[in-house]
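Chain naming here is simple, since letters A, B, ... match the order of the sequence lines and numbering starts at 1 in each. Computed from a predicted structure; not experimentally measured.
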There are 2 protein chains.
Amino acid sequence: MEDKRTPRPRSSRKGKGRGVTMETVGRLAGVSQVTVSRALSDPSKVSPATLEKIRQAIAQTGFVPNALAGALATSRSMLISALVPAITNVVYASMVKSFSDRLREQGYQILLSETGFDPLDEEKVIAAHLSRRPDAILLTGIYHSAKSRQMLLGSGIPVVEVWDHTDTPIDICVGFRHAETGRAAADYAVSRGYEAAATISAGDERALRRKDAFIARYTHLTARTVPEINLAGSATLAHGRECLRRLLEERQFRAGVIFCSSDLLAHGVIIEAAAQGLRVPQDIAVIGFGDQEFAADVEPAITTVRVDRDAFGRAAADAVLARLDRRDTGGHAIDLGFKIVRRGSA
Amino acid sequence: MEDKRTPRPRSSRKGKGRGVTMETVGRLAGVSQVTVSRALSDPSKVSPATLEKIRQAIAQTGFVPNALAGALATSRSMLISALVPAITNVVYASMVKSFSDRLREQGYQILLSETGFDPLDEEKVIAAHLSRRPDAILLTGIYHSAKSRQMLLGSGIPVVEVWDHTDTPIDICVGFRHAETGRAAADYAVSRGYEAAATISAGDERALRRKDAFIARYTHLTARTVPEINLAGSATLAHGRECLRRLLEERQFRAGVIFCSSDLLAHGVIIEAAAQGLRVPQDIAVIGFGDQEFAADVEPAITTVRVDRDAFGRAAADAVLARLDRRDTGGHAIDLGFKIVRRGSA
DNA sequence: CTGTTAGCGCATTCAA
DNA sequence: TTGAATGCGCTAACAG
């Protein structure tokens, strides 16, 4: 860890000679620009002697190749776009991480942006990304505006839609069926024999779809109505606590199981229950979603829906790589499924 | 939310005519390429009539400008690099979010990568990023390899180092003094009169620096030794729980305050304490770090060191923008400080 | 208001 | 093994 700090030489060198190019390096090494290019892309095509001279010239000048120019010349940017609703949400962040780890191995870089949950915001982001000419693009979810769809198709690059499932993807789809998770949770809840059920859900479309499926199945099986609370905002501990309070006060919910759209909400419910002297799962049982890192380590541990985010990221990356290598396979829609993980909370 | 799904026309159109360019658009609109360029960058310089024709041609072709070519021509990529140790760590993610939100307003995009905690890994990432010719770059921390430093300086672009503090930044530095936070926590611990202290820390350099400062100050003030546990891995709930167990068993720690390098560890300690029938803060008091979103909402709420990550991101962005606008100010080292937030856990 | 001419820095022919 | 020429798609002068 060196730390020889020299205040930067504030050379706002504008006029000319601002960038070290292959031309510069070549001149210094006594060869042409092309040879420098070769030395970098395929050293075996250059004699050891000149190779060495070029190396020195590079070291001396601190030359860093201009990937923009390279991309323009080859029509390969070695850049891959990734669009997620929110980077601060670990669920998406970890998926992107496994996606990008895999691709970085192959020399790609990831251009990451947030889209929020609105298809129209997403549209702008997509346009901005496509203008960088990425070699492929990853999107979260399967609902995109018509214009987005058109741009995507027009770009001619591989498109992966993750974190959901459709039989008619734009190109490739890697994910799971949200409604199924809700139904599975309902089946689980019924099988455990809780006397009542409620839901707490964030406001995004996918969460609502899970919730709706849960309620539909639960009422179908038990003929009981299910009080629900839908947040406008995002899933946080504080919201989880608040929602349990509201459920108990306003909705007259006394006991039973609560299906939450996120482990964070579930955790909040558990904390609030304890604060109110209610026992989990005896009085209030809780089912979360996501199997986040903390889910297994809180007390009681959270029964939840596990989706293998790393697997999504990897599968998405592999699919992209296959396309880029023309080891192409046909219109994909990969359903990686999910699993109900039974733990202490329900 | 449209969803007219048409399986992609697997046109791997390679040969020619693969991209729609300004040339294509111009031809369609009956004007030259330059006019299209003008229409996009400064519509006022083009007559309304031709502007309209160009608009139509663009809509018709689905033209998306090639930002790579633009960047090459202008030497402005409108791209800003951000390097953080780990994107899945909310602490860094939220900082990057506020950074990029601000910059996106100005038309910039963020090229984000993980560096891990090793300066040599960082070095490679820096090189890769600089090859994209970003207009500025954000780094986490103040320790970088000599070569990194050289490349950064050579690039001639604004460089912001965040999340730490030094009086001799490469260019701009926005953050806080880690050692100070450890000392402040020690002072707080002593002022509360706990009979003993211990530390639980993640293995990264900054966390260790906080821990060392805590111990130095605490022993200085009380002449007591401080048992410490340093993790190899990252800060998780599970590790927090495990560390408390080890503290109680191996280190014969019975009661007192524990300074954790992260709120996550602190939360784990609190959970484990409850599981063991220990009261917080009466038996075991806990001080966290970061003031993460959940810190105020667990039971008891976590006393912690608050650093305003959003402010860091914004300040970093503003500094970068000032440089890029030549509203430049001199060698910056902005210390945004921190605050001990007293809550229930200590 | 519009078009022509030059590059931007690199990779890809084709010759030598 | 090396070099000269050409083009990637766009912007920036300069003319008209």
> Nearest-Å distance, CD (A/Glu52) to P (D/dT1)?
Replying inline: 17 Å
> How close or far is atom C1' of C/dC8 from atom CG of A/Leu68, stated in whole angstroms?
Replying inline: 10 Å
>> Strictly below 4.0 Å: does A/Ser32 bring a side-chain N or O up to OP1 or OP2 of D/dG3?
In response: yes
> Between D/dC8 atom P and A/Asn66 atom CG, what is the distance in whole Å?
Replying inline: 18 Å
> Do A/Leu153 and A/Asp171 have side-chain heavy atoms sitting under 4.5 Å apart?
Replying inline: no
> Could you state the interatomic distance from OG1 (B/Thr115) to NE2 (B/His144), rounded to the nearest 0.5 Å?
Replying inline: 9.5 Å
> Rounded to the Å, how far apart are B/Lys45 NZ and D/dT11 C1'?
Replying inline: 11 Å
> Taking A/Thr140 for the side chain and A/Leu83 for the main chain, is one N or O donor matched with an acceptor at less than 3.5 Å?
Replying inline: yes
>> Between A/Ser41 and A/Ser37 (side chain of the first, backbone of the second, donor and acceptor by atom type, cut-off under 3.5 Å), is there such a pair?
In response: yes
> How long is the line joining CZ of B/Arg76 and P of D/dC10, in whole Å?
Replying inline: 18 Å
> Within the structure, does a side-chain N or O atom of A/Thr50 lie under 4.0 Å from either OP1 or OP2 of D/dT1?
Replying inline: no
> Hey, does A/Arg38 have a side-chain heavy atom less than 4.5 Å from the side chain of A/Gln33?
Replying inline: no
>> Contact between B/Ile87 and A/Ile87 at the side-chain level, heavy atoms closer than 4.5 Å - yes or no?
In response: no
>> What is the distance, to the nearest angstrom, from the CE atom on B/Met78 to the C1' atom on D/dT11?
In response: 14 Å
> Between C/dC1, C/dG3, D/dC10, which nucleotide gets closest to the side-chain atoms of B/Ser47?
Replying inline: C/dC1
> 5'-most contact on DNA chain C: B/Leu51 or B/Leu72, nearest heavy atom basis?
Replying inline: B/Leu51
>> Nearest to the side chain of B/Phe63, heavy atoms from C-beta on, is which of D/dG3, C/dG9, D/dC10?
In response: D/dC10
> Could you give the CD-to-P distance, from B/Glu23 to C/dT4, as a whole number of Å?
Replying inline: 10 Å
> Do A/Tyr108 and A/Arg102 have side-chain N/O donor and acceptor atoms under 3.5 Å apart?
Replying inline: no
>> Rounded to whole Å, how long is the line connecting atom CZ of A/Arg133 with atom P of D/dG9?
In response: 8 Å
> What one-letter contact string describes nucleotides 11-16 of chain C from 5' to 3', where B marks a base within less than 4.0 Å of any protein heavy atom, S marks contact via sugar-phosphate atoms alone, and - marks no contact?
Replying inline: BBB---
